[in-house]
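Structure record follows, encoded as structure tokens.
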Amino acid sequence: MNLVFLGPPGAGKGTIAAKAKDVYKVPHISTGDLFRANIKNETELGKKVKAILAAGDLVPDSVTIEMVRERLKEADAKNGFILDGFPRTIAQADALSEMTGLDAVVNFVLAKEEIIKRLSGRRVCKSTGRTYHVLFNPPKVEGIDDETGEPLIQRDDDKEDAIRNRLEVYEASTAPLIEYYRAKGLLVDVDASKSPDEVLSLMVKALEK
Ligand code: ADP
Ligand code: ADP
């Protein structure tokens, strides 16, 4: 199964992808996670993109496309993938279509007020990328990762100014992909306002059709 998860920041793409990867037995490839791993490991790529992520701007297409091209060549992506957070621009979508075919593009639909609640309450474990929410998906012990015991952090780009910018960037650069993929007959809309397990099951049913 070759899937793309599309939707505004905070819609729950990463949360659902972490579950859907076991349903479809394909890797969850998040470009945000790949960039954050490079920043953490202080690679050349990481140094180049750190300030861009902190501000909530988009990494240049050429850099992002090459990173995804390399990732899709890895053995685990042979039988499919869930691409989470890529493509985010028409140029990225055009480049992806030259790399591989797609079975569907899942569009996570969520009202703006809910998006803001989800982003502002998001907490993550820096080493594993595991995601929580202070109200909707709290860890067993406040501020601590359930499995590693590490402290949870708030991403820099989940603070108010960066959230505002990311939503503007989404509207300007990424939302046009909805019509782009609808026109290709690939778009599957999913109501992302339900609980994670309900969203997963709505998506699985919609993809069976
Ligand atoms: P979100 O949780 O908001 O969906 P991600 O973890 O997917 O965020 O992405 C975090 C940041 O990484 C983005 O704000 C952007 O700076 C960068 N990024 C991720 N994917 C892409 C992409 N496809 N193109 C350009 N920049 C990207
Ligand atoms: P994205 O990858 O689209 O940016 P995430 O999966 O990181 O979104 O989710 C954003 C925040 O919302 C996280 O704090 C997550 O725990 C929470 N969340 C995700 N899905 C749901 C849901 N269906 N209901 C309530 N909260 C959710």
Side-chain angles (χ1 to χ4, degrees), residues 4-21 28-39 45-46 48-69 71 82-96 106-111 113-126 129-139 145-146 152-159 161-170 172-175 177 190-203:
V4 163
F5 280 11
L6 185 65
K13 301 179 300 295
T15 299
I16 305 305
K19 296 171 181 283
K21 76 182 199 322
H28 167 202
I29 301 175
S30 155
T31 42
D33 285 349
L34 291 174
F35 286 131
R36 281 185 292 273
N38 276 279
I39 292 170
L45 174 63
K48 211 186 289 180
V49 303
K50 187 172 181 181
I52 299 176
L53 266 82
D57 290 325
L58 291 182
V59 174
D61 285 333
S62 56
V63 174
T64 308
I65 289 166
E66 284 323 304
M67 182 177 75
V68 170
R69 194 193 304 282
R71 180 63 186 84
I82 296 171
L83 269 176
D84 162 14
F86 181 93
R88 264 175 152 96
T89 64
I90 301 276
Q92 292 177 14
D94 285 340
L96 179 63
V106 182
N107 180 33
F108 288 75
V109 181
L110 191 65
E113 312 81 80
E114 292 305 313
I115 293 171
I116 293 170
K117 280 188 212 159
R118 287 189 185 180
L119 287 174
S120 52
R122 175 159 61 184
R123 298 292 182 272
V124 295
C125 171
K126 210 169 177 180
R130 213 178 345 264
T131 300
Y132 298 85
H133 190 282
V134 290
L135 301 177
F136 308 143
N137 178 27
D145 183 70
D146 289 348
L152 301 179
I153 59 148
Q154 182 174 36
R155 281 168 43 177
D156 283 340
D157 59 347
D158 281 344
K159 293 171 187 167
D161 284 353
I163 289 181
R164 203 173 314 120
N165 187 39
R166 286 157 72 209
L167 292 175
E168 283 171 16
V169 168
Y170 169 78
S173 301
T174 308
L177 289 176
V190 170
D191 174 3
S193 70
K194 312 283 190 235
S195 74
D197 285 332
E198 284 172 287
V199 176
L200 176 70
S201 119
L202 283 172
M203 183 193 83

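Along the sequence shown, residues carry numbers from 1. Counting convention: from 1, in listed order, for ligands and their atoms alike.
The protein non-hydrogen atom at the shortest distance from atom 26 (N) of ligand 1 is Val59 N, 3.1 Å. What sits closest to atom 4 (O) of ligand 2 on the protein, heavy atoms only, is Gly10 N, 2.8 Å. The nearest protein atom to atom 1 (P) of ligand 1, hydrogens excluded, is given as Arg166 NH2, 3.4 Å; this is a heavy-atom distance. The nearest protein atom to atom 2 (O) of ligand 2, hydrogens excluded, is given as Gly14 N, 2.8 Å; this is a heavy-atom distance. Nearest non-hydrogen protein atom to atom 27 (C) of ligand 1 is Phe35 CE1, 3.7 Å. Nearest protein neighbour of atom 24 (N) of ligand 1, counting heavy atoms only, is Gln92 NE2, 2.9 Å. Looking at atom 19 (C) of ligand 1, its nearest protein heavy atom turns out to be Arg88 NH1, 3.3 Å.
Within 6.0 Å of NZ on Lys194 lie no more than 12 heavy atoms contributed by other residues, nucleotides or ligands.
Residue contacts with ligand 1: Phe86 is placed with no nitrogen or oxygen under 3.5 Å of a nitrogen or oxygen of the ligand (distance criterion only). Backbone and side-chain nitrogen or oxygen atoms of Pro9 are examined, and none is located within less than 3.5 angstrom of a nitrogen or oxygen of ligand 2. When only interatomic distances are considered, the shortest N/O to N/O separation between Leu119 and ligand 2 does not fall below 3.5 Å. In terms of polar-atom proximity, defined here as any N/O pair under 3.5 Å, Asp84 makes no such contact with ligand 1. In terms of N/O distances under 3.5 Å, ligand 1 is approached by Thr31.
The heavy atom nearest to atom 12 (O) of ligand 2, out of those in Lys19, Lys117, Arg118, is found in Arg118. Among Ile65, Asn165, Asp57, Leu58, the residue whose heavy atom lies nearest to atom 14 (O) of ligand 1 is Asp57. Proximity annotation for atom 5 (P) of ligand 2: of Thr15, Leu6, Asp33, Thr15 comes nearest, heavy atoms only. With atom 8 (O) of ligand 1 as the reference point, the heavy atom nearest to it among Arg155, Arg122, Lys13, Met67 is part of Arg155. When the heavy atoms of Phe108, Phe136, Tyr132 are ranked by distance to atom 16 (O) of ligand 2, first place goes to Tyr132.
Atom CG in Leu58 sits 6.5 Å away from atom CZ in Arg88 (nearest 0.5 Å). The distance from the NZ atom of Lys117 to the CG atom of Leu110 is 9.5 Å, given to the nearest 0.5 Å.
Residues Leu177 and Val4 form no side-chain contact, since every pair of their non-hydrogen atoms from C-beta on lies 4.5 Å or further apart. Side-chain atoms of Lys19 and Asp197, non-hydrogen and from C-beta on, do get closer than 4.5 Å to each other. Looking only at side-chain heavy atoms (C-beta outward), Ile52 and Pro60 come within less than 4.5 Å of each other. A 4.5 Å side-chain heavy-atom check between Asp156 and Lys159 finds at least one atom pair inside the cut-off.
Of the listed residues (Arg166, Arg118, Arg123), just one forms a side-chain hydrogen bond (donor to acceptor under 3.5 Å, both in side chains) with Asp158, and that residue is Arg166. In summary, of the residues considered (Thr174, Thr64, Asp61), a side-chain hydrogen bond (donor to acceptor under 3.5 Å, both in side chains) with Thr89 occurs for Asp61 alone.
Residue-level proximity to ligand 2 for Lys194 is carried by the backbone, the only part with a heavy atom below 4.0 angstrom. Looking at Ala17 against ligand 2, nothing comes within 4.0 Å, counting heavy atoms.
For the residue pair Ser193 / Asp191, a side-chain donor-acceptor distance below 3.5 Å is found, with atom types taken as modelled.
Near Arg36, with a cut-off below 4.0 Å to any heavy atom, the atoms of ligand 1 are 6 (O), 10 (C). For ligand 2, the atoms lying closer than 4.0 Å to a non-hydrogen atom of His133 are 14 (O), 16 (O). Counting the atoms of ligand 1 from 1 in the order shown, those under 4.0 Å from a heavy atom of Thr64 are 22 (C), 23 (N), 24 (N), 25 (C).
When atom types are taken as modelled, the side chain of Asp33 and the backbone of Ile29 share no donor-acceptor pair closer than 3.5 angstrom. A distance-only check finds no donor-acceptor pair linking the side chain of Asp84 to the backbone of His28 [under 3.5 Å]. Using modelled atom types, one side-chain atom of Lys13 and one backbone atom of Gly7 make a donor-acceptor pair closer than 3.5 Å.
Residue-ligand proximity: Pro196 is placed with a non-hydrogen atom under 4.0 Å from ligand 2.
With sequence neighbours excluded, the residues satisfying ring pair (Phe, Tyr, Trp, His ring centres under 6.0 Å) with Phe5 are Phe108.
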